[in-house]
Amino acid sequence: MVARPKANLHALPELKNTSDDSIAPYLKSKGWKQSHTLIDVRLILGFTAVIIAGNTFYYDYTLGFDKTKVMTLYAVVAYFVINTVLTWWIWGMEGGKVYMGSKDGVTITISSHTEKHSPIYHLKIVSQSPGQRPTTTEAESPFTSWFDTQGFLVEKPFMTFISNSIPSMAATTPEGQHLKSKAKPKSTKKG
Amino acid sequence: MDALGLSELRHLKPRQLLSQVLNFVLILSTAFMLWKGLSVATDSPSPIVVVLSGSMEPAFQRGDLLFLWNRNLELDNPSTPGTQVGEIVVYNVIGKDIPIVHRVVRKHQGPKTPLHLLTKGDNNYADDTELYARGRWYLDREKEVIGSVVGYVPFVGYVTIMLSEHPWMKTALLGIMGLLVIVQRE
């Protein structure tokens with residue numbers, strides 16, 4: 001992890017975001033390959049809409065309103081359609097997910113959330129090993145487990161919490177032997 | 001660097017940076033597309049204008065915001081009423097960029113030939129003949145008029161008048177907005 005991440009101890013969104021941001025570098029160091037599909041689609045959708053808007057601006061500026069009326073109409077419709085799709089994508093698909101990656105054939109999706117005014121970090125991990133049904137694991141731990149009194153994120157306990165929560169890591173990593181999180185594995189039947 | 005939070009920028013990966021940029025640019029482009037959408041719906045190049053002079057008092061004061069509708073040209077269709085005498089229209093004289101808001105006092109020709117309008121500000125003594133392009137005694141409804149007024153909100157537009165008459169305010173406003181963005185990132 002680069003220059004010690006710090007968060008405002010009284011701001012729940014900051015605690016959550018800092019923790020979320022620290023998951024990817026840690027897992028990368030453990031050999032997981034991150035999948036950027038979610039954010040890539042969001043970027044493509046978003047910038048397509050922006051390019052349409054930019055083009056509309058350019059042609060309207062250079063050719064004037066009358067000549068570009070029809071083109072502008074199509075552009076406006078296209079822009080808001082793409083924006084609607086983008087909004088659905090962010091809300092429906094990305095919602096809560098903070099990491100997607102794979103290692104040795106096992107794919108995991110990690111989502112995190114916090115309850116209002118409650119300093120507990122909830123993780124939901126959907127893990128799929130090749131040839132098996134995906135399993136869902138939930139884990140939670142108060143932020144105090146890995147933030148010190150000045151707001152810096154302390155690596156060791158955080159890494160332990162994460163590795164304990166991911167089923168394929170809990171058994172194998174040395175950090176998994178210490179601090180236990182309240183992991184409750186749940187098998188789901190959906191494919 | 002740390003105090004400004006700019007050191008964070010060094011650690012941002014390209015995707016995260018692009019994401020932040022996208023969020024900012026989307027706000028600007030959405031505002032612009034909403035404006036264009038309104039423009040296309042009303043068929044007017046500038047569907048919302050600010051009253052700049054007092055020539056229409058007491059109906060409109062300097063700084064009022066006007067909403068325009070430009071789909072009433074009365075061209076080739078005698079059954080639709082089109083622009084009437086007594087309506088308030090906004091026009092740009094060809095060659096000048098300032099929109100003028102005055103009342104129609106006379107109309108000539110149309111519907112098969114171009115509709116010509118004579119306008120006059122309520123608060124003015126003379127009609128607008130002096131304001132029109134050289135050698136012209138009328139306005140072409142299709143070419144010069146950008147719409148008739150269908151609604152208004154008082155005072156709201158005064159901000160744009162202040163910004164254009166005191167350019168330093170634009171810089172100050174941008175400076176404050178920029179400062180807020182930087183501070184809020186923390």
Side-chain angles (χ1 to χ4, degrees), chain A residues 1-8 11 14 17-18 20-22 24-25 28 34 36-61 64-84 86-87 90 94, chain B residues 1-3 5-49 68 70-71 73 90 92 94-95 97 99 140-147 183-186:
Chain A
M1 253 167 278
V2 285
R4 307 173 60 196
K6 184 179 189 318
N8 179 354
E14 268 191 57
N17 286 340
T18 312
D20 291 344
D21 291 341
S22 307
K28 185 166 165 197
Q34 187 169 10
H36 295 285
T37 320
L38 283 183
I39 197 173
D40 282 349
V41 169
R42 175 209 267 215
L43 288 177
I44 290 175
L45 280 178
F47 278 109
T48 306
V50 168
I51 288 173
I52 291 180
N55 265 330
T56 310
F57 175 75
Y58 175 69
Y59 283 117
D60 181 69
Y61 193 71
F65 178 69
D66 276 326
K67 290 205 189 72
T68 53
K69 257 194 276 201
V70 179
M71 180 199 131
T72 304
L73 175 65
Y74 291 139
V76 168
V77 170
Y79 181 84
F80 285 107
V81 164
I82 295 182
N83 254 18
T84 310
L86 177 65
T87 307
I90 293 178
E94 278 196 25
Chain B
M1 278 262 270
D2 256 309
L6 286 178
S7 59
E8 302 253 322
L9 287 176
R10 266 189 287 132
H11 308 310
L12 278 182
K13 301 158 205 127
R15 279 190 178 81
Q16 277 184 308
L17 192 59
L18 278 179
S19 227
Q20 305 274 40
V21 167
L22 181 65
N23 285 341
F24 176 69
V25 175
L26 266 183
I27 297 175
L28 295 180
S29 64
T30 302
F32 173 71
M33 289 312 253
L34 282 174
W35 168 258
K36 277 285 142 213
L38 189 62
S39 200
V40 168
T42 59
D43 200 25
S44 165
S46 177
I48 303 180
V49 298
L68 306 184
N70 203 25
R71 292 183 182 275
L73 265 57
V90 178
N92 284 322
I94 296 183
D97 216 9
D140 186 322
R141 171 68 180 86
E142 217 185 339
K143 295 210 186 83
E144 288 166 287
V145 175
I146 60 173
V183 167
Q184 272 174 358
R185 277 290 157 73
E186 281 297 346

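Order of the sequence lines fixes the chain letters, A, B, ..., with proteins taken first and strands second; residue numbering starts at 1 for each chain.
Close approach to chain B, defined as a heavy atom under 4.5 Å from one of its heavy atoms, is seen in A:Val76, A:Tyr79, A:Phe80, A:Asn83 of residues 76-83 of chain A, taken by number.
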Would A:Leu86 and B:Leu26 satisfy side chain to side chain contact (heavy atoms under 4.5 Å, CB included), going step by step from the backbone distance to the final call? CA-CA 11 Å; A:Leu86 177 65; B:Leu26 266 183; 3.7 Å; yes
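Neither the backbone nor the side chain of B:Ser46 comes within contact range of chain A; no heavy atom of the residue lies under 4.5 Å from a heavy atom of that chain. Both the backbone and the side chain of A:Ala75 come within contact range of chain B, judged by heavy atoms closer than 4.5 Å. Neither the backbone nor the side chain of B:Leu28 comes within contact range of chain A, judged by heavy atoms closer than 4.5 Å.
Here the CZ atom belonging to A:Arg42 is positioned 6.0 Å from the CG atom belonging to B:Asn23, to the nearest 0.5 angstrom. Distance check, rounded to the nearest 0.5 Å: NZ of A:Lys69 to NZ of B:Lys36 gives 11.0 Å.
For chain B, the option among A:Leu73, A:Ile52, A:Leu43, A:Asp66 with the highest count of heavy-atom pairs below 4.5 Å is A:Leu43.
Residues A:Phe47 and B:Leu22 approach most closely at N-CD1, 3.8 Å, considering heavy atoms. Residues B:Ser29 and A:Val50 share a closest heavy-atom pair of OG-CG2, 4.0 Å.
For A:Thr68, the side chain to side chain contact (heavy atoms under 4.5 Å, CB included) criterion is met by A:Tyr59, A:Asp60, A:Leu63, A:Thr72, not counting sequence neighbours. Every residue two or more places apart in sequence or in another chain that forms a ring-ring contact (aromatic ring centres under 6.0 Å, His included) with B:Phe32 is listed here: A:Phe57. With sequence neighbours excluded, the residues that form a side chain to side chain contact (heavy atoms under 4.5 Å, CB included) with A:Leu38 are A:Trp89, A:Met93, A:Glu94, A:Lys97, A:Met100.
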